[in-house]
Amino acid sequence: MTTFKDAPIGADSHSGKMSLSEIFETLLGGNLSIRISAYDGSSAGPADAQYGLNLKTPRGTTYLVTAPGDLGLARAYIAGDLELIGAHPGDPYPALKALASDLDFHRPSPLALAQIARSLGIEHFKPIAPPPQEAVPRWRRFAEGLRHSKARDAEVIHYHYDVSNTFYEWVLGPSMTYTCAVYPDHDASLETAQDNKYRLIFEKLRLKPGDRLLDIGCGWGGMVRYAAKRGVHAIGATLSAEQAEWAQKAIVDEGLSDFAEVRHSDYRDITESGFDAVSSIGLTEHIGVGNYPAYFGFMRDKLRPGGMLLNHCITRPDNASRSKAGSFIDRYVFPDGELTGSGKIISKLQDIGGMEVLHEENFREHYAMTLRDWNANLVEHWDEAVAEVGEGTARLWGLYMAGCRIGFDRNIIQLHHVLATKLDDRGGHQVPLRPWWNA
């Protein structure tokens, strides 16, 4: 979390032009544990520090000056103008973790700010084009289309998920599952944990052969294929054309065509109803908090009385924080994404009527472990990933996953399952008295 404090006394006592390292020390308050070096030949922090930052170009300075905070750092890093020392770009987690302890920005005095501005030069205060991986700002998206309309949601999903199926295969592994895994123990592999996640959801939904499942925002069809292999008739919906194409091929290759189907479709365009269960695994983050009543109402209306609903999504650790994502996530990862607390998700689900919430569960630590394993996959396939999507995009994904891991480590974000059932006309249900699944 970026914070500002008063700069130390003496930060405005320099005469003449400040070096880039002196500017960093002024802004960070000295006592650095990391090493900072810059293209002007200056450096700050311990010479033997394991981790550090290297500002390589004047363009990087412009990115940092014109977008202070996470966005400017991301622009410079993704463009290759800023280097993280001591960690592989496919997994910069250890360097980011060390860096996070030093990124406690101090607000310089007015005199020090003027000194910094003179030292940098006016040319660095003129905005320049961001890296090509960056989405347009939120105000531009608002001007060009209604937020969370079907057309705009499709464009947002295309931006994030239609990167390259080959790239995702290298990062996600054979399961092609881009959601939090559930680790049965600390030594479990990513594939074991992803299979365990689908097993857990399958059991929570009380699915059995012959049942019907709707999985909205189904990704590459992992839940659909897991259920189909167990005799459940499953329909998945995704706004990503590349996901749908990959999933349909996997369904055919695995001989599941009689039970499974993945449609390139907005979930709101699914016409069938009377499902025994509806799952939403990693879609709620894209919905928008204001759309929760319609979202949960859609799922309720697709269920038969007694049917089960499971909502799996990233959440805030409280219900009062702002829902909109920070500038880096909004511009580079999930445009229009919104997060809120599990309490608000539960209350919005309860308020639509006709549903009873039975259970909720937090998997925060599991998501940190999932991201760890995705970063490890990217490191293992770094050269292939760079050849497939370019170094900038590969660096972006390494940075994003490692940064999110820190967020889960520090309880800045969580991951919750919310399980509910559709009540009958008299407000009753027929679920067991106690949890029926193996945790």
Side-chain angles (χ1 to χ4, degrees), residues 1-5 67-74 93 96-97 99-107 134-135 137-139 141-142 147-148 152-153 156-157 159-160 178-180 217 280-296 310-352 357 359-371 399-420:
M1 185 69 67
T2 300
T3 58
F4 290 90
K5 302 176 182 176
D70 294 346
L71 183 59
L73 287 165
Y93 172 80
L96 285 181
K97 189 176 180 181
L99 186 63
S101 65
D102 273 347
L103 283 184
D104 189 19
F105 287 98
H106 296 251
R107 191 183 304 279
E134 183 170 318
R138 189 178 282 123
W139 68 266
R141 281 177 260 141
F142 180 80
R147 199 158 188 253
H148 295 298
R152 181 157 154 183
D153 280 352
V156 166
I157 294 299
Y159 169 84
H160 186 76
Y178 186 32
T179 49
C180 176
S280 174
I281 308 171
L283 176 62
T284 314
E285 299 89 336
H286 300 285
I287 295 296
V289 176
N291 294 314
Y292 282 3
Y295 164 70
F296 287 123
L310 187 136
N311 195 78
H312 161 130
C313 75
I314 301 170
T315 65
R316 303 284 189 198
D318 60 73
N319 301 291
S321 300
R322 66 191 296 270
S323 60
K324 290 182 174 60
S327 54
F328 167 62
I329 295 293
D330 184 65
R331 296 285 191 94
Y332 281 95
V333 184
F334 294 116
D336 294 350
E338 295 184 25
L339 300 178
T340 190
S342 58
K344 185 171 289 187
I345 289 171
I346 291 172
S347 67
K348 294 294 185 181
L349 176 53
Q350 290 171 326
D351 289 348
I352 64 171
V357 174
H359 187 267
E360 74 83 29
E361 190 171 2
N362 182 10
F363 292 95
R364 176 178 64 84
E365 293 175 284
H366 294 259
Y367 216 152
M369 295 168 69
T370 305
L371 289 156
L399 177 68
Y400 148 62
M401 293 189 296
C404 284
R405 181 181 169 190
I406 290 174
F408 285 106
D409 280 345
R410 296 186 169 190
N411 197 31
I412 297 169
I413 44 178
Q414 300 176 346
L415 187 288
H416 280 262
H417 278 190
V418 176
L419 180 68

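The structure places CD1 of Ile281 at 11.0 Å from SG of Cys180, a figure rounded to the nearest 0.5 Å. Lys97 contributes atom NZ, which lies 7.5 Å from atom CZ of Arg405 (distance to the nearest 0.5 angstrom). With rounding to the nearest 0.5 Å, the separation of CD1 in Ile329 from CG in Leu339 is 9.0 Å. Rounded to the nearest 0.5 Å, atoms CG (Asn411) and CZ (Arg364) are 4.5 Å apart. Rounding to the nearest 0.5 angstrom, the gap separating the CG atom in Asp330 from the CD atom in Glu134 is 9.5 Å. Atom OH of Tyr367 and atom NE2 of His416 lie 13.5 Å apart (nearest 0.5 Å).
Between Phe408 and Ile413 the shortest heavy-atom distance is CD2-O, 3.4 Å. A pairwise comparison of heavy atoms in Leu349 and Ala420 identifies CD2-CB, 3.8 Å as the closest pair. Counting all heavy atoms, side chain and backbone alike, Leu71 lies closest to Tyr332 at CD1-CE1, 3.8 Å. Closest of all the heavy-atom pairs between Ile314 and Glu285 is N-OE2, 2.8 Å.
Contacts of Thr315 classified as side chain to side chain donor-acceptor pair (under 3.5 Å), with partners at least two apart in sequence or in another chain: none.
No side-chain heavy atom of Asn362 sits less than 4.5 Å from a side-chain heavy atom of Ser342. The shortest distance between side-chain heavy atoms of Thr370 and Thr179 does not fall below 4.5 Å. Counting heavy atoms from C-beta outward, Ile287 and Glu338 have side chains that stay 4.5 Å or more apart.
Here the side chain of Asn319 pairs a donor or acceptor atom with the backbone of Gly343 at under 3.5 angstrom. Between the side chain of Asn291 and the main chain of Ala294, no donor-acceptor pair closer than 3.5 Å is present.
Between Tyr178 and Tyr400, the two ring planes are perpendicular [angle over 60°; tilted spans 30° to 60°].
Inspection of the Tyr292 and Thr340 side chains reveals no N or O donor paired with an N or O acceptor under 3.5 Å. Counted by atom type alone, Asn311 and Thr284 present one or more donor-acceptor pairs between their side chains at under 3.5 Å.
For Glu360, the CD atom is densely surrounded, since the number of other residues' heavy atoms within 6.0 Å is greater than 12.
For the pairing with His417, the side chain to side chain donor-acceptor pair (under 3.5 Å) check across His359, Glu361, His312 returns one residue only, His312.
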Test Asp351 against Phe296 for side-chain contact (heavy atoms from CB on, under 4.5 Å), laying out the working first. CA-CA 10 Å; Asp351 289 348; Phe296 287 123; over 6 Å; no
